[in-house]
Amino acid sequence: MASFRDRSDAGHRLVGPAAAVLPAGRPVTVVGLPRGGVLVGAALVEGLRALGWTVRLDLVVVAKVLAPEFPELALGAVTAHATVRSATAGQVTGVDDARYAALTADARRRLADRAAALPEPGTPPDGSVLLVDDGLATGSTVEAAIAELRAGRPGWLGLAVPVADATAWARVRPRVDGGVALLQRTPMRAVSVDYGDFTQLDDDVVRDALTRWG
């Protein structure tokens with residue numbers, strides 16, 4: 001049985017645990033990873049506003065470094081100013097440095113295309129930043145997003161996900177000031193397993209969520 005009906009349900013379930021770790025008295029920017037993380041983040045923003053928080057929705061664009069023969073396994077991830085390489089994925093796939101460099105160049109091209117298609121992220125916020133995704137598998141995309149957001153020197157940086165691979169969570173959690181993972185899986189087969197509805201989303205969903213909750 002699925003743990004969450006859909007991404008909105010997952011976001012609403014994050015509200016209480018997220019409110020418990022957020023520093024009181026500061027405005028909050030919930031930063032979602034497109035596309036699914038933005039939808040989770042929108043529901044989280046809605047719930048936090050209902051509790052009286054001053055909170056808005058934003059995004060950070062990340063592209064996975066992928067090898068065609070391993071389409072579900074991120075070898076790493078890139079953002080506008082950060083690059084993360086997964087040592088574990090590299091060992092599993094046997095991708096050498098030269099090939100990884102070529103795959104990273106492809107990821108940067110895809111990153112530029114995605115960034116051009118989506119609203120531009122807002123200016124670095126003054127208060128707390130809470131990074132959100134619909135799940136954490138290898139952790140590469142979240143690590144890259146954390147590095148990108150750290151560059152903006154937020155007063156507090158946290159991470160909230162509905163479900164996470166336990167090993168990846170243990171590696172990523174120390175990189176942020178506070179964290180929430182509602183479920184941890186060992187091993188984690190796929191993020192989609194915990195969702196009744198894990199429909200692939202288009203960019204219009206992201207734009208609509210940012211217009212409403214940004």
Next on the checklist: Check whether Y195 forms a cation-pi arrangement with R5 (NZ or CZ under 6.0 Å from the six-membered ring centre, at most 45° off the ring normal).
Outcome noted: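 R5 over Y195 ring: no.
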
Item to check | Electrostatic pair D106-R110, nearest N-O below 4.0 angstrom | outcome: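 Between R110 and D106 there is a salt bridge, with a charged N closer than 4.0 Å to a carboxylate O.
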
Checklist entry - Charged N to carboxylate O under 4.0 angstrom, E143 versus K64? => result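 No.
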
Looking at [Y], is its backbone amide N or carbonyl O close enough to the side chain of [X] to form a donor-acceptor pair, meaning the two atoms are under 3.5 Å apart?
X: D197; Y: D6; answer: no
X: R49; Y: W213; answer: yes
X: D202; Y: V205; answer: yes
X: R150; Y: R175; answer: yes

Do you know which two heavy atoms are closest between [X] and [Y], and how far apart they sit?
X: R185; Y: D194; value: NH2-OD1, 2.6 Å
X: G139; Y: V172; value: O-CG2, 4.3 Å
X: T186; Y: A166; value: OG1-CB, 3.1 Å
X: V55; Y: V30; value: CG2-CG2, 3.7 Å
X: W53; Y: A19; value: CZ2-O, 3.8 Å
X: A144; Y: V62; value: CB-CG1, 4.3 Å

Item to check | hydrophobic_cluster_shared for I146 and V40, side chain cutoff 4.5 Å | outcome: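 No, V40 and I146 fall in different hydrophobic clusters.
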
Name each donor-acceptor pair under 3.5 Å that joins a side chain in residues 127-138 to protein atoms two or more places apart or in another chain, with its distance.
{"unit_1": "D134", "atom_1": "OD2", "unit_2": "R7", "atom_2": "NE", "d": "3.0"}
{"unit_1": "T138", "atom_1": "OG1", "unit_2": "S140", "atom_2": "N", "d": "3.4"}

Checklist entry - Got more than 12 heavy atoms from elsewhere within 6.0 Å of CD, E120? => result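 It does not: E120 CD has 12 such atoms or fewer within range.
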
For residues [X] and [Y], determine if any side-chain heavy atom of one lies less than 4.5 Å from a side-chain heavy atom of the other.
X: M188; Y: V163; value: yes
X: R13; Y: L182; value: yes
X: V61; Y: E148; value: no
X: L51; Y: V15; value: yes
X: V31; Y: L149; value: yes
X: D165; Y: W169; value: no
X: V180; Y: V161; value: no
X: H12; Y: E46; value: yes

Next on the checklist: Determine whether R108 and T83 satisfy the following criterion, side chain to side chain donor-acceptor pair (under 3.5 Å), listing intermediate values before the conclusion.
Outcome noted: CA-CA 10 Å; R108 289 214 165 273; T83 301; 2.9 Å; yes

Checklist entry - Taking only residues two or more places apart in sequence or in another chain, which ones pass side chain to side chain contact (heavy atoms under 4.5 Å, CB included) with R207? => result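 Residues passing side chain to side chain contact (heavy atoms under 4.5 Å, CB included) with R207: P119, D203, D204.
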
Checklist entry - Hey, which of V95, T104, T141 is the one that makes side chain to side chain contact (heavy atoms under 4.5 Å, CB included) with V65? => result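 Between V65 and the candidates, side chain to side chain contact (heavy atoms under 4.5 Å, CB included) is satisfied uniquely by T104.
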
Next on the checklist: Set out, in order, the CA-CA distance, both residues' side-chain angles and the distance that settles side chain to side chain donor-acceptor pair (under 3.5 Å) for S86 and R171, then state yes or no.
Outcome noted: CA-CA 11 Å; S86 170; R171 187 183 73 251; 5.9 Å; no

